[in-house]
Amino acid sequence: MTFDEFETLFLDKYFPTPLRLVKEQEFLNLKQGTMTVTQYTTKFEELSRYALATIATEDKKARRFEWGLTTARRAVVSQAFPTYAGAVKCALRLESEEIDFKTRWRKATGNIDRPIRTQPSNNNRGPYPTKPFTPSQNNQPWKTAALGHGEPPRVGQNKASVQCFNC
């Protein structure tokens, strides 16, 4: 019996194919999310052994790692590191710099009691507060005396060419 035959029999008995496929899919869907870069790297390395064909070269492994990053992803991707170790080192350094910056900012602004956020918020509102929307006639330009009857203009027509067909 060759080693390859032994390995196949061993894996089939103690680690069935459906379980291996689940772990491979978990690796392919892995993203940093709320994990730190260190936690993401640990999980990446743990699951990478189930998808060796996907990350056959150092370059492919680095690209897969970058794909799952959320913290400082653009900065790491723009560097195009040829090795996985280089991409990890850059991501760790950027995360450390971000935490240092936020710590200095908290001390400078007096917000020492608030926790440091290492992940972007998911509120999708941007950095500026928005004014609540209150409907009014100013927000509806078609409701003017020039148009008559408060009807919106028809597509392709401007204020001058709108006619009232009910009169």
Side-chain angles (χ1 to χ4, degrees), residues 1-135 139-140 152 155-156:
M1 175 184 291
T2 66
F3 180 75
D4 290 336
E5 292 171 342
F6 168 76
E7 184 180 30
T8 302
L9 290 172
F10 180 84
L11 288 175
D12 287 342
K13 182 172 182 176
Y14 295 105
F15 197 57
T17 302
L19 186 56
R20 280 185 275 166
L21 292 174
V22 167
K23 289 291 190 181
E24 180 180 2
Q25 192 61 45
E26 188 178 343
F27 173 74
L28 295 174
N29 294 331
L30 180 64
K31 292 190 178 176
Q32 182 184 2
T34 58
M35 294 184 276
T36 64
V37 173
T38 304
Q39 292 168 332
Y40 170 64
T41 303
T42 302
K43 189 75 166 172
F44 183 89
E45 290 174 1
E46 175 188 318
L47 294 173
S48 66
R49 64 181 143 188
Y50 302 110
L52 293 176
T54 305
I55 54 170
T57 66
E58 273 293 308
D59 186 58
K60 287 183 179 181
K61 190 173 183 180
R63 298 300 78 77
R64 176 57 68 171
F65 176 78
E66 291 168 356
W67 178 83
L69 281 174
T70 53
T71 302
R73 181 171 188 254
R74 275 192 217 135
V76 176
V77 170
S78 69
Q79 299 290 321
F81 289 98
T83 65
Y84 167 71
V88 170
K89 184 177 178 181
C90 179
L92 287 168
R93 184 177 43 81
L94 289 169
E95 182 181 59
S96 174
E97 288 175 2
E98 180 182 1
I99 290 171
D100 288 346
F101 173 78
K102 287 182 179 183
T103 302
R104 287 192 312 268
W105 179 259
R106 284 179 40 214
K107 287 179 182 177
T109 59
N111 293 331
I112 297 172
D113 297 333
R114 295 177 63 192
I116 297 174
R117 294 173 57 100
T118 58
Q119 298 297 319
S121 64
N122 292 328
N123 61 10
N124 295 326
R125 291 186 310 207
Y128 305 106
T130 57
K131 294 192 321 189
F133 177 75
T134 54
N139 293 334
Q140 300 169 349
V155 176

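- Atom CZ of Phe101 sits in a sparse spot, with 12 or fewer heavy atoms from other residues, nucleotides or ligands closer than 6.0 Å.
- Closest heavy-atom contact between Phe44 and Arg64: CE1-CG, 3.7 Å.
- Lys31 places a side-chain heavy atom less than 4.5 Å from the side chain of Trp67.
- Inter-residue side-chain proximity for Glu26 and Lys43 is flagged as met; some heavy-atom pair is nearer than 4.5 Å.
- The nearest pair of heavy atoms linking Glu58 to Ala85 is OE1-N, 4.3 Å.
- Between Glu45 atom CD and Phe65 atom CZ the span is 8.5 Å, to the nearest 0.5 Å.
- Here CG of Leu52 is found 12.5 Å from NZ of Lys60. Values are rounded to the nearest 0.5 Å.
- If you check the side chains of Arg20 and Thr17, you find a donor sitting under 3.5 Å from an acceptor.
- The backbone N or O of Thr70 lies less than 3.5 Å from a partner atom in the side chain of Gln32, making a donor-acceptor pair.
- Looking only at side-chain heavy atoms (C-beta outward), Leu30 and Glu46 stay at 4.5 Å or farther from each other.
- Considering every non-hydrogen atom in both Ala87 and Val76, the closest pair reads O-CG1, 4.0 Å.
- When every heavy atom of Ala80 is checked against every heavy atom of Arg63, the shortest pair comes out as C-NH2, 3.6 Å.
- A donor-acceptor contact shorter than 3.5 Å links the side chain of Thr42 to the backbone of Thr38.
- Rounded to the nearest 0.5 angstrom, Thr54 OG1 and Phe27 CZ are separated by 6.5 Å.
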Asp100 and Arg104: CA distance, side-chain angles, deciding distance, salt bridge (charged side-chain N to carboxylate O under 4.0 Å, His left out) verdict: CA-CA 6 Å; Asp100 288 346; Arg104 287 192 312 268; 5.1 Å; no
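- Closest approach of Glu95 to Thr36, counting heavy atoms only: OE2-CA, 3.4 Å.
- For the atom pair CG of Asp12 and CD of Glu7, the computed distance is 10.5 Å after rounding to the nearest 0.5 Å.
- Side-chain contact check for Leu28 versus Gln25: some heavy-atom pair is nearer than 4.5 Å.
- Side-chain contact check for Phe81 versus Val88: every heavy-atom pair is 4.5 Å or farther apart.
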Between Glu98 and Lys102, is a salt bridge (charged side-chain N to carboxylate O under 4.0 Å, His left out) present by the stated rule, with each step listed? CA-CA 6 Å; Glu98 180 182 1; Lys102 287 182 179 183; 3.1 Å; yes
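- Taking OH from Tyr14 and CG from Leu19, the interatomic distance works out to 15.0 Å, rounded to the nearest 0.5 Å.
- Atom NZ of Lys89 and atom OG1 of Thr41 lie 14.0 Å apart (nearest 0.5 Å).
- The shortest side-chain heavy-atom distance between Leu94 and Glu97 falls under the 4.5 Å cut-off.
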